[in-house]
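Have a look at the structure below, then the notes.
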Amino acid sequence: MRLENKTAIITGGASGIGRESSLLFALEGAQIVVVDVNDQGGNETVNLVREAGGEAIYFHSDVSRADDCEAMITAAETKFGKLDILFNNAGVMLSEDGDAQETEEEIWDATLNINAKGVFLGCKYGIPALRRAGGGTIINTASFVAILGAATAQVAYTASKGAVLSMTRELAIIHARENIRVNALCPGPLKTEMLMSFLDTEEKKQRRLCHIPMGRFGQASEMARAALFLASEDSSYLTGSTFAVDGGITAAYVTPE
Ligand code: NAD
């Protein structure tokens with residue numbers, strides 16, 4: 001088992017990447033603190049982990065709030081004694097997000113507060129806990145849109161993921177000699193609720209699919225396997241990376257027909 005006796009916080013654990021990662025990390029021996037604002041989904045994830053023989057608790061925390069983030073770290077240390085893995089994965093893609101002219105300030109603020117400030121706050125309170133444990137790993141979920149621009153306008157989301165990617169690099173350098181590794185997982189377009197509700201017509205889906213060399217959307221379970229690699233000693237010499245798991249989209253200039 002690759003995460004035996006490790007404690008992991010996984011934000012956004014109620015669905016998608018966070019749920020799949022909770023299940024996989026638990027199978028690999030980790031104790032999981034499933035964090036979300038969706039209490040029903042979060043508790044469902046915990047039940048799924050327990051049914052599979054793993055150990056998990058649910059903790060309600062809005063990652064855009066400092067007191068909530070501090071409390072989730074305390075919950076992990078209180079329940080499991082330490083924190084080894086912090087997976088800052090919660091995020092939103094709001095349907096009102098568009099180009100610079102049409103995107104309202106409230107949409108910008110809400111997106112940046114959850115996607116970018118949420119990662120900062122997780123690290124702000126999580127890094128001292130990782131130090132107390134003698135080191136650990138942080139995985140921040142960015143996106144392929146932190147690397148590539150698209151004509152499908154979502155400026156707030158794209159800017160938030162750029163912030164996650166650059167913040168990850170800097171934190172990785174700052175903490176490199178403290179046995180704390182920090183990497184950015186950059187998923188490609190996934191077949192999860194988040195993207196499918198944004199690409200809500202077949203035409204919009206095809207417009208995105210035609211750019212993916214593999215010709216299909218990724219699965220949340222494929223991101224979980226990548227996150228496991230980043231969380232475990234398998235990636236012991238990797239920090240500050242832009243870890244793109246994207247069906248080849250960021251490598252492509254022209255994709256096959
Ligand atoms: P998802 O919508 O299934 O999961 C996101 C989770 O975050 C949800 O459970 C939601 O309730 C939770 N959340 C939202 N706001 C929160 C808050 N303030 N505090 C705590 N939890 C909150 O989507 P997903 O695809 O699993 O997304 C996970 C991450 O992957 C996100 O950061 C997303 O931006 C990123 N991502 C997704 C795709 C994609 O195509 N789906 C591509 C690249 C990156």
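In this text the structure is predicted, and so the values were computed from the model without any measurement. One-based numbering, in listed order, for ligands and for the atoms of each.
- Ranking the protein heavy atoms by distance from atom 23 (O) of ligand 1 puts Met194 CB, 3.5 Å first.
- When heavy-atom distances to ligand 1 are checked against a 4.0 Å cut-off, Cys186 has no atom that comes that close, whether in backbone or side chain.
- Remark: Glu77 does not engage Lys82 in a salt bridge, criterion side-chain N to carboxylate O under 4.0 Å.
- By the criterion of a heavy-atom distance under 4.0 Å, neither the backbone nor the side chain of Phe217 is placed next to ligand 1.
- Between the choices Pro187, Ser15, Gly91, Gly122, the shortest heavy-atom distance to atom 1 (P) of ligand 1 belongs to Ser15.
- Close contacts of ligand 1 with Pro189, meaning ligand atoms under 4.0 Å from a residue heavy atom, involve 40 (O).
- A salt bridge links Arg19 to Glu44: at least one charged side-chain nitrogen sits closer than 4.0 Å to a carboxylate oxygen.
- Look at Lys161 and you'll find a heavy atom under 4.0 Å from some atom of ligand 1.
- Taking any N or O of Asn38, backbone or side chain, none lies under 3.5 Å from an N or O belonging to ligand 1.
- Residue Ala220 does not touch ligand 1, judged by heavy-atom distances below 4.0 Å.
- Looking from atom 19 (N) of ligand 1 to the surrounding protein, the closest heavy atom is Val63 N, 3.0 Å.
- Counting only non-hydrogen atoms, the option in Tyr157, Phe87, Phe144 that gets closest to atom 36 (N) of ligand 1 is Tyr157.
- Residue Ala90 touches ligand 1 through backbone and side chain together, judged by heavy-atom distances below 4.0 Å.
- Asp234 places no side-chain N or O within donor-acceptor distance of the main-chain N or O of Phe229, the cut-off being under 3.5 Å.
- Nearest to atom 42 (C) of ligand 1 among the protein's heavy atoms is Gly188 O, 3.3 Å.
- Those atoms of ligand 1 that come under 4.0 Å of a heavy atom in Val37, given as number and element, are 16 (C), 17 (C), 19 (N), 20 (C), 21 (N), 22 (C).
- What sits closest to atom 35 (C) of ligand 1 on the protein, heavy atoms only, is Thr141 CG2, 3.5 Å.
- Proximity annotation for atom 20 (C) of ligand 1: of Gly12, Ser61, Ala142, Ser61 comes nearest, heavy atoms only.
- With hydrophobic clusters built from ILVMFWY side chains whose heavy atoms lie under 4.5 angstrom apart, Phe144 shares a cluster with Phe198.
- For the pair Leu130 and Ile85, the tightest heavy-atom approach, listed with the atom from each and the gap, is CD2-N, 4.1 Å.
- In terms of heavy atoms, Asp36 sits closest to Gly13 at OD2-N, 3.2 Å.
- In terms of polar-atom proximity, Glu193 is not counted as a contact of ligand 1, lacking any N or O under 3.5 Å from an N or O of the ligand.
- Taking distance alone, with nitrogen or oxygen atoms compared against 3.5 Å, Gly18 stays at or beyond that limit from ligand 1.
- Of all protein heavy atoms, the one lying nearest to atom 26 (O) of ligand 1 is Ile17 N, 2.8 Å.
- Exactly one of Val182, Ile180, Asn88 qualifies for a side chain to side chain contact (heavy atoms under 4.5 Å, CB included) with Cys123. That residue is Asn88.
- Enclosure of atom NZ in Lys191 is not indicated, since only 12 or fewer non-hydrogen atoms of other residues, nucleotides or ligands lie within 6.0 angstrom.
- Other residues, nucleotides and ligands place no more than 12 heavy atoms under 6.0 Å from the CZ atom of Arg65.
- Met72 and Val34 fall into different hydrophobic clusters, defined by Ile, Leu, Val, Met, Phe, Trp and Tyr side-chain heavy atoms under 4.5 Å apart, directly or through other members.
- Both Leu148 and Tyr157 are assigned to one and the same hydrophobic cluster, defined by single-linkage of ILVMFWY side chains at heavy-atom distances under 4.5 Å.
- Checked for salt-bridge contact, Glu222 and Arg216 meet the test: a charged N lies under 4.0 Å from a carboxylate O.
- No continuous path of ILVMFWY side-chain contacts below 4.5 Å connects Leu83 to Ile32, so the two sit in separate hydrophobic clusters.
- Ligand 1 does not have Gly41 within reach: every non-hydrogen atom of the residue lies 4.0 Å or more from it.
- Ligand 1 has no nitrogen or oxygen under 3.5 angstrom from a nitrogen or oxygen of Ser64.
- At least one N/O-N/O distance between Asp36 and ligand 1 falls below 3.5 Å.
- Not a single heavy atom of Gly13 sits closer than 4.0 Å to an atom of ligand 1.
- Ligand 1 has an N or O atom lying under 3.5 Å from an N or O atom of Thr192, backbone or side chain.
- Residue Tyr58 forms a side-chain hydrogen bond (donor to acceptor under 3.5 Å, both in side chains) with just one option from Asp39, Asn43, Asn38, Thr45, and that option is Asp39.
- What you find for Ala156 and Ile107 is that their closest heavy atoms are CB-O, 4.4 Å.
- The closest heavy-atom contact to atom 32 (O) of ligand 1, among the options Asn89, Thr111, Leu185, Ile114, comes from Asn89.
- Heavy-atom contacts of Gly16 reach the following atoms of ligand 1: 3 (O), 26 (O) (cutoff under 4.0 Å).
- In the hydrophobic clustering of this structure, Ile57 groups with Leu86; members are Ile, Leu, Val, Met, Phe, Trp, Tyr whose side-chain heavy atoms approach within less than 4.5 Å, directly or through other members.
- By the 3.5 Å distance cut-off applied to N or O atoms, Val92 is not counted among the residues near ligand 1.
- Scanning the protein for heavy atoms near atom 40 (O) of ligand 1, the closest one is Leu190 N, 2.8 Å.
- Comparing Asp62, Val245, Thr11, Asn115 against atom 18 (N) of ligand 1, the shortest heavy-atom distance belongs to Asp62.
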